[in-house]
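Down below is the structure, laid out as structure tokens.
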Amino acid sequence: MLSTIKDIGKLVADTQAANTIEENIEGKILFVNLDTVKLEYTGIEILEYTGIEIEDFDSDKRDYYLYKAGASKGNAPAPICPITEVEKTYKKIESWLKQCNQKIESWLKQCNQKIESWLKQCNQTKDPLINHAVGILSQKNFYALYLQMSLILYLQMSLINHAVGILSQRREDITSVLDKKIKDLPKKKGEGRFLSLKINKKYLGEYDILKNCLINLSEEKLKRSAGSGVCSLCGLSDKEVSGKTNVFKFYTIDKPGFITGGFKEALAWKNFPVCGECRALLENGKEFLKKKLNFKFYGLNYYLIPRLLIGSKEIWEEILNIMSETPKTISPEEKIKKRITNDENEILEYLSEKKDVLTLNFLFLKEEQSAERILLLIEDVFPSRIRKIFDAKNEVDELFNKNSDEKFTFGTIRTFFSKSSEGKSENDLDKYFLDIIDSVFKGKRIDFNLLVKFYMATIRREVINEGYFTFRVKDALMNIKFFENLGIITFEEVENMEESRLNSIFNRFGKSLKTPAKKGIFLLGVLTQWLLNKQWAERNARPFMKKLKGLRMDEKDIKALLPEVQNKLEEYDSFDQGKRLIASEASTYLLEAGDNWKMSVDEINFYFACGMNIAEDVSDIVYPNNGKKEKEE
């Protein structure tokens with residue numbers, strides 16, 4: 001997957017697509033101004049805080065700002081940062097400047113040591129050539145050069161040192177002014193607020209020494225785990241490789257236990273050796289994915305990563321361009337009709353029409369502060385598989401939603417796999433949901449017993465709260481039909497069962513009702529719903545609901561329920577020919593099923609709930625002339 005992202009990065013870098021990665025940023029930058037002023041009494045010039053200056057963010061000045069997207073996430077020091085809390089953002093700038101000061105100080109020290117060492121060697125050598133060279137470069141000129149270099153570094157260090165001192169000493173004053181400026185600053189929707197620094201009216205990026213510090217500090221982190229070896233992405237040997245790519249945060253060596261080679265950071269490059277060129281391309285590829293191929297998925301996010309199996313660079317470029325631009329070219333009506341997720345920019349239906357010359361990877365990532373966690377990686381999905389998924393969806397819509405604008409999507413599955421209870425503040429069933437999505441894309445089997453457990457948890461909740469019981473049962477049925485169409489769920493079947501006038505109803509459930517016990521439970525659910533309708537019509541209440549035990553009935557309860565429903569219907573003088581027919585069929589199926597059905601309580605009650613839900617449709621068959629009356633009762 002990473003090598004594919006690197007390839008995307010290279011293609012983007014080689015084409016005009018590179019220009020589309022960086023998006024314009026709208027917002028304001030608040031600069032803390034530090035300027036050299038002359039003291040009135042002594043005439044000495046010193047650096048001093050002179051106020052706050054506000055400018056519009058100009059994307060063309062990114063290099064002047066030393067801006068890099070995401071560089072200041074978490075507590076990372078940076079020369080320019082989006083303002084979250086003024087105090088914390090201020091400390092990030094201050095901390096970065098301190099790092100630069102320390103870096104310049106170490107350079108000055110190294111410079112002095114090298115020159116002194118060279119001079120010492122020259123004084124001790126008896127080589128006539130070196131003595132001659134020393135003679136040409138007189139001690140006087142050499143020291144002049146030495147002093148000049150040292151002086152430049154010293155002055156730069158002194159300037160930065162003073163800046164750090166002012167930021168530290170005037171922190172309370174400056175942050176107080178910043179706070180007031182931000183509150184008074186009108187803000188448009190989508191605009192950002194940034195904090196940075198100007199020294200003597202110049203942006204930080206106008207100081208070469210600070211630009212070098214930025215590069216050096218970044219490379220320094222990588223070199224802590226660098227070595228010479230084979231790059232795992234390009235395969236070239238004798239490259240300087242590092243174990244720190246800092247591109248995807250799901251790979252980290254922050255803890256000793258994550259590192260091979262005796263837990264030494266210096267040997268971490270052996271874990272995942274990547275050369276500098278590949279790291280840059282990987283970064284480029286990730287930015288492209290983030291901006292162009294990042295999609296929403298019911299509270300989650302995923303990158304859609306294409307991989308070309310055969311074809312030229314031109315085809316590869318064309319596919320990437322089309323994929324990144326397609327969301328803009330599909331009309332809103334088509335988007336709704338052809339979507340299977342909740343992202344209006346989804347392009348899966350478009351990709352399903354392609355030949356199997358490419359595969360698709362789905363990378364579900366969750367960002368947690370400055371870290372990233374892989375929730376799911378679905379690799380090598382062919383367009384033909386996506387086509388099959390859409391065919392299965394269309395069959396479900398034809399059966400359940402023919403005359404409805406509401407269509408089957410993965411959201412129908414998500415209905416049962418988001419929160420385990422209404423009291424949860426966050427989704428806690430993401431793992432189950434993603435496992436199912438993985439099975440859908442990869443064609444892996446799904447355990448029906450697991451599904452029905454979650455279906456019934458939601459259905460029972462709707463029954464207790466008198467909520468959307470009918471809709472949730474329908475959602476569960478659509479899910480099962482969808483999985484059955486894909487061939488990733490199977491059911492026990494009994495061959496050569498007798499024909500029934502309700503076969504048209506049974507067939508809508510596919511293979512899930514192919515045993516006598518399931519059909520018997522289902523029909524008992526129909527009969528019970530008719531009784532509840534009758535009670536509601538007569539008493540504006542449904543007291544018989546208590547007999548259903550909150551839809552937690554076992555085999556024994558179901559067998560005992562049938563005569564109770566019949567008796568109650570007779571009490572209401574409503575046990576007519578149609579109901580007798582259904583009661584008779586239910587009784588026959590339950591007797592045929594015998595004892596020990598080997599079904600869980602959840603499964604038994606699911607088929608019972610399905611019968612309750614579909615009672616209206618059964619009325620149309622049993623009461624062809626007055627079915628409407630039965631429904632209304």
Side-chain angles (χ1 to χ4, degrees), residues 1 4 250 289 293-307 323 327 335 338-352 354 358-367 372-397 400 406-420 424 426-455 457-458 472 475-490:
M1 178 192 71
T4 305
F250 53 75
L289 294 177
L293 298 177
N294 184 17
F295 298 96
K296 296 172 188 169
F297 199 84
Y298 306 101
L300 306 167
N301 276 68
Y302 72 90
Y303 292 135
L304 187 59
I305 308 168
R307 185 168 73 91
M323 282 181 68
K335 284 176 181 176
K338 297 179 177 180
R339 268 192 348 228
I340 199 166
T341 72
N342 63 334
D343 193 326
E344 62 179 17
N345 293 321
E346 181 204 296
I347 56 174
L348 294 179
E349 201 274 343
Y350 161 78
L351 291 170
S352 71
K354 299 296 170 190
L358 78 158
T359 63
L360 298 159
N361 297 323
F362 297 76
L363 176 61
F364 289 84
L365 271 184
K366 184 176 184 180
E367 292 194 8
E372 290 173 331
R373 188 157 58 90
I374 295 179
L375 300 178
L376 176 68
L377 171 61
I378 308 174
E379 292 185 288
D380 296 330
V381 178
F382 285 100
S384 57
R385 179 65 192 176
I386 298 176
R387 195 154 56 242
K388 191 170 183 178
I389 291 170
F390 272 92
D391 288 344
K393 162 197 156 54
N394 293 337
E395 281 186 49
V396 171
D397 285 333
F400 291 91
E406 294 292 326
K407 302 297 180 187
F408 177 84
T409 65
F410 286 135
T412 316
I413 302 172
R414 183 65 157 169
T415 301
F416 302 97
F417 296 92
S418 55
K419 294 179 181 179
S420 58
K424 296 280 183 183
E426 293 184 0
N427 295 332
D428 60 340
L429 299 179
D430 287 347
K431 181 182 180 305
Y432 295 100
F433 178 57
L434 289 173
D435 281 347
I436 292 171
I437 299 304
D438 188 41
S439 294
V440 168
F441 279 104
K442 302 299 288 184
K444 294 191 292 189
R445 293 277 178 189
I446 295 179
D447 183 0
F448 177 70
N449 289 320
L450 176 72
L451 291 178
V452 81
K453 176 183 172 186
F454 287 96
Y455 292 162
T458 302
R472 295 297 84 86
D475 288 340
L477 290 172
M478 286 195 290
N479 285 346
I480 291 171
K481 187 62 182 170
F482 176 67
F483 299 142
E484 193 179 325
N485 290 344
L486 289 172
I488 59 177
I489 196 169
T490 54

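Just the heavy atoms: all of them, side chains too, but no hydrogens, waters or symmetry mates, feed the values below. What you are looking at is a predicted structure, and each value in this text was computed from that prediction instead of being measured.
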Could I get the full list of side-chain contact (heavy atoms from CB on, under 4.5 Å) partners for Glu395, not counting sequence neighbours? Asn485
Do Ile436 and Phe483 have side chains that approach each other closer than 4.5 Å (heavy atoms only, starting at C-beta)? yes
Before you tell me yes or no, could you show the steps for Arg307 and Asp380 under salt bridge (charged side-chain N to carboxylate O under 4.0 Å, His left out), namely the whole-Å CA-CA distance, both residues' side-chain angles and the distance that decides it to 0.1 Å? CA-CA 8 Å; Arg307 185 168 73 91; Asp380 296 330; 3.2 Å; yes
Heavy-atom distance under 4.5 Å between the side chains of Phe400 and Leu477, does that happen here? yes
For a 4.5 angstrom cut-off between non-hydrogen side-chain atoms, does Ile386 reach Ile340? no
Heavy-atom side-chain proximity of Glu406 to Asp397 below 4.5 angstrom: no
When every non-hydrogen atom of Lys424 is compared with those of Lys419, the smallest separation belongs to O-NZ, 3.2 Å
Would you give the length of the straight line joining atom CG of Leu376 to atom CG of Asp435, rounded to the nearest 0.5 angstrom? 7.5 Å
Looking at NZ of Lys481 and NZ of Lys393, how far apart are the two atoms once the value is rounded to the nearest 0.5 Å? 15.5 Å
Are the charged groups of Asp343 and Arg339 less than 4.0 angstrom apart, N to O? no
Between Leu377 and Phe362, is there a side-chain heavy-atom distance shorter than 4.5 Å? no
Under the side-chain contact (heavy atoms from CB on, under 4.5 Å) test, residues paired with Pro306 that sit two or more places apart: Ile8, Leu293, Trp316, Leu320, Met323, Leu358, Leu360
Is the backbone of Val381 close enough, under 3.5 Å, to the side chain of Lys442 for a donor and an acceptor to pair up by distance? no
Tell me if the CZ atom of Phe390 is crowded by more than 12 foreign heavy atoms within 6.0 Å. yes
Which value, rounded to the nearest 0.5 Å, describes the distance between Arg373 atom CZ and Leu365 atom CG? 10.0 Å
Working note: Leu429 + Ser418, criterion side chain to side chain contact (heavy atoms under 4.5 Å, CB included); need CA distance, chi angles, decisive distance, verdict. CA-CA 5 Å; Leu429 299 179; Ser418 55; 5.7 Å; no
Just list the side-chain donor-acceptor pairs under 3.5 Å for residues 443-455, sequence neighbours left out, or say none.
unit_1 : atom_1 : unit_2 : atom_2 : d
Lys444 : NZ     : Asp438 : OD2    : 2.6
Arg445 : NH1    : Gly487 : O      : 3.4
Asp447 : OD1    : Asn449 : N      : 3.0

Go through the structure and list residues passing side-chain hydrogen bond (donor to acceptor under 3.5 Å, both in side chains) with Ser352, not counting sequence neighbours. none
Asp475 and Thr412: side-chain donor and acceptor closer than 3.5 Å? no
Pairs of donor and acceptor atoms involving the side chains of residues 294-301, under 3.5 Å and at least two apart or interchain, shall be tabulated with distances.
unit_1 : atom_1 : unit_2 : atom_2 : d
Tyr298 : OH     : Asn342 : N      : 3.3
Tyr298 : OH     : Thr409 : OG1    : 3.3
Tyr298 : OH     : Gly411 : N      : 2.9

When you compare the side chain of Val396 with that of Asn479, does any pair of heavy atoms fall below 4.5 Å? no
Dump the intermediate steps for side chain to side chain contact (heavy atoms under 4.5 Å, CB included) on Asn394 and Phe408, then the final yes or no. CA-CA 8 Å; Asn394 293 337; Phe408 177 84; over 6 Å; no
Taking the side chain as every heavy atom from C-beta outward, state whether Ile378 and Phe441 have any atom pair closer than 4.5 Å. yes
Before you tell me yes or no, could you show the steps for Leu486 and Arg385 under side chain to side chain contact (heavy atoms under 4.5 Å, CB included), namely the whole-Å CA-CA distance, both residues' side-chain angles and the distance that decides it to 0.1 Å? CA-CA 10 Å; Leu486 289 172; Arg385 179 65 192 176; 4.1 Å; yes
Regarding Arg387 and Asp391, does a basic nitrogen lie under 4.0 Å from an acidic carboxylate oxygen? no
Within 45° cone of Phe433 ring axis and under 6.0 Å: Arg414 NZ or CZ: yes
What heavy-atom pair brings Glu379 and Asn361 nearest, and what distance separates the two atoms? CA-OD1, 3.1 Å
Partners meeting side-chain hydrogen bond (donor to acceptor under 3.5 Å, both in side chains) with Thr341 (sequence neighbours left out): Glu346
Within 6.0 angstrom of Lys431 NZ, more than 12 heavy atoms from elsewhere: no
Out of curiosity, Phe417 CZ to Thr458 OG1, how far, rounded to the nearest 0.5 Å? 8.0 Å
With side chain to side chain contact (heavy atoms under 4.5 Å, CB included) as the criterion, how do Phe482 and Ile389 come out once you've worked through the C-alpha distance, each side chain's angles and the decisive distance to 0.1 Å? CA-CA 9 Å; Phe482 176 67; Ile389 291 170; 3.9 Å; yes
